[in-house]
Amino acid sequence: MKSLLKNVQPLSLQLSLLVLGSIFLMFADRYQWSYLGIARSHLLALVYPVQYLVDLPVRAGQWLLVTASSHAQLINERNKFYAENLHLQATLQKFEALENENARLRQLLGSSKKTGEKTQVAEVLAVELDSLDPSKRKILIDKGEQDKICLNQPVIDAYGIVGQVTRLGSFTSVVTLITDPSHELPVQVVRTGLRSIAKGEGVVNRLSLLYLSNTGLNMGIKVGDLIVTSGSGGHFPKDYPVGTVVEINPDIGTPHAQVQAIPRSALERNREVLLVWTEEQMTAETCEKSRETLLTH
Amino acid sequence: MSVERHHGGWIIVLSFVVSFMLAIMPLPGWATLWRPDWVALVLIYWCIAIPQRVGIVTGWLVGLTSDVLNETLLGQQALSLCLIAYISVKLHRRIRLFPLWQQAVGVLVLITLDQLLIAWIRGIQGQPLVDGSFIYPALTSMLLWPWVFILLRDLRRFYQVF
């Protein structure tokens, strides 16, 4: 009986300590205390088994699909890919010639040569990261620190920009999509060169373009325009497609118009994405160094 | 004595791992809002069944893991789950005596509290709640409580976790 009574006091004491601890952690995480970031990436590596187990059935399903598909089906697919490859090769020939010409012209103008980029394929794990907060848009990929990925590294797919790496674990990392409400991306309209910021709205397949003045609408932008990354800010390589403008509403109440765009990339439907390294990043030895060179450019 | 007091710990760990898996399992769009709070359900069960082993510290650690898995602010679910654990441990003698449906109503209240706390923390971060969708997980959790309770109770008896 005595031990029972003795237990009462420490419990509420423990509780208040833990509550204070969690409040401290939340503040530290909110204001991005660097030690906590490191601890979080280790914790992310620690929970990898759980994420792997959740992803396993999907992986097994894909494997089964490949093994169980018939001979004729595979030949069909192979023929299709062969034709597609030929087509792509043909376009690439022209592209190479154009690239050479471009380099020569740039040399004549005396401006610096555009750098090449390296890419690596990463698989998206079938794990939900936004189960608590439906407005959050994040995905988990199966490449981490051991694959020499850096924080803030851009991620693309076959159609355009997907997002950037925002948390790095040893085996996995978290990619914030461009539609996440916390994500902002410097962009440019291809047709006119008008610059803006594409901000996520927390909704599937919607971006809003910020800071476009009501009066400038007639000149610079119209529905159907393609927007690409402008390369300012330094995190994203220049001239990758981002989205298409679908809606323009002049807002008389505010100095800025409301412009909406649909992302080009298949954000939530991807099973594979590509990680991009620019040439400076490839030559730099560490992530920190590569960021420095990026910022000076 | 100490050997007896640490019997069948792997069942507890396993149940939490399964609840984590269920919590991050991809669901179709309409179902995500209705996803039951599996982790809280399992935590409430163990707090009621063996409060001398699973208590607020366990709840806090489980919450931290959950935060890392869900990529939320570190400490957000740690806070709400340790509060849930505290209430469950405090009231475990009373809750044990309730019939299952009354327990389920208790679970509804606890998980609504948990969700409200999370919504509140999100509001402080500048992402305020716009509708009453925070109540949906609590409702599905209430409906699932009797099954979770019976399953975990049978597991506990079979493997003699105490």
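We use all heavy atoms of the structure for the numbers below, so side chains are in, but hydrogens, waters and symmetry mates are not. A note on names: the letters A, B, ... follow the listed sequences, proteins ahead of strands, and every chain is numbered from 1.
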Trainee: Cut-off 3.5 Å, side chains only: do Tyr52(A) and Arg59(A) have a donor facing an acceptor?
Mentor: no

Trainee: At a 4.5 Å cut-off on heavy atoms, which part of Leu22(B) comes close to chain A: side chain, backbone, both, or neither?
Mentor: neither

Trainee: Considering only heavy atoms, which portion of Leu140(A) lies under 4.5 Å from any heavy atom of chain B: side chain, backbone, both, or neither?
Mentor: neither

Trainee: I'd like to know which of Asp55(A), Val127(A), Ile23(A) tops the heavy-atom pair count under 4.5 Å against chain B.
Mentor: Val127(A)

Trainee: Looking at Val17(B), Leu74(B), Val89(B), Val68(B), which one has more heavy-atom pairs under 4.5 Å with chain A than the rest?
Mentor: Leu74(B)

Trainee: Contact part of Val18(B) toward chain A, heavy-atom cut-off under 4.5 Å: side chain, backbone, both or neither?
Mentor: neither

Trainee: Any chance you could lay out the side chain to side chain contact (heavy atoms under 4.5 Å, CB included) test for Val107(B) and Leu41(B), step after step, and finish with the verdict?
Mentor: CA-CA 8 Å; Val107(B) 166; Leu41(B) 279 178; 3.7 Å; yes

Trainee: I'd like to verify something: which residue of Val174(A), Leu44(A), Val204(A), Val54(A) has the highest number of heavy-atom pairs under 4.5 Å with chain B?
Mentor: Val54(A)

Trainee: Would you check if there is a donor-acceptor pair between the side chains of Asp37(B) and Ser141(B) at a distance under 3.5 Å?
Mentor: no

Trainee: Under the criterion side chain to side chain contact (heavy atoms under 4.5 Å, CB included), I'd like the reasoning laid out for Leu151(A) against Thr166(A): C-alpha separation, chi angles, the key distance, then a yes or no.
Mentor: CA-CA 6 Å; Leu151(A) 212 57; Thr166(A) 47; 5.8 Å; no

Trainee: Give me the ring orientation class for Trp145(B) and Tyr45(B): parallel if the planes are under 30° apart, tilted from 30 to 60°, perpendicular past 60°.
Mentor: tilted

Trainee: Quick one: are Gln76(B) and Gln125(B) in side-chain contact, heavy atoms under 4.5 Å?
Mentor: yes

Trainee: Go through the atoms of Val50(A) and report whether side chain, backbone, both or neither lie under 4.5 Å from a heavy atom of chain B.
Mentor: both

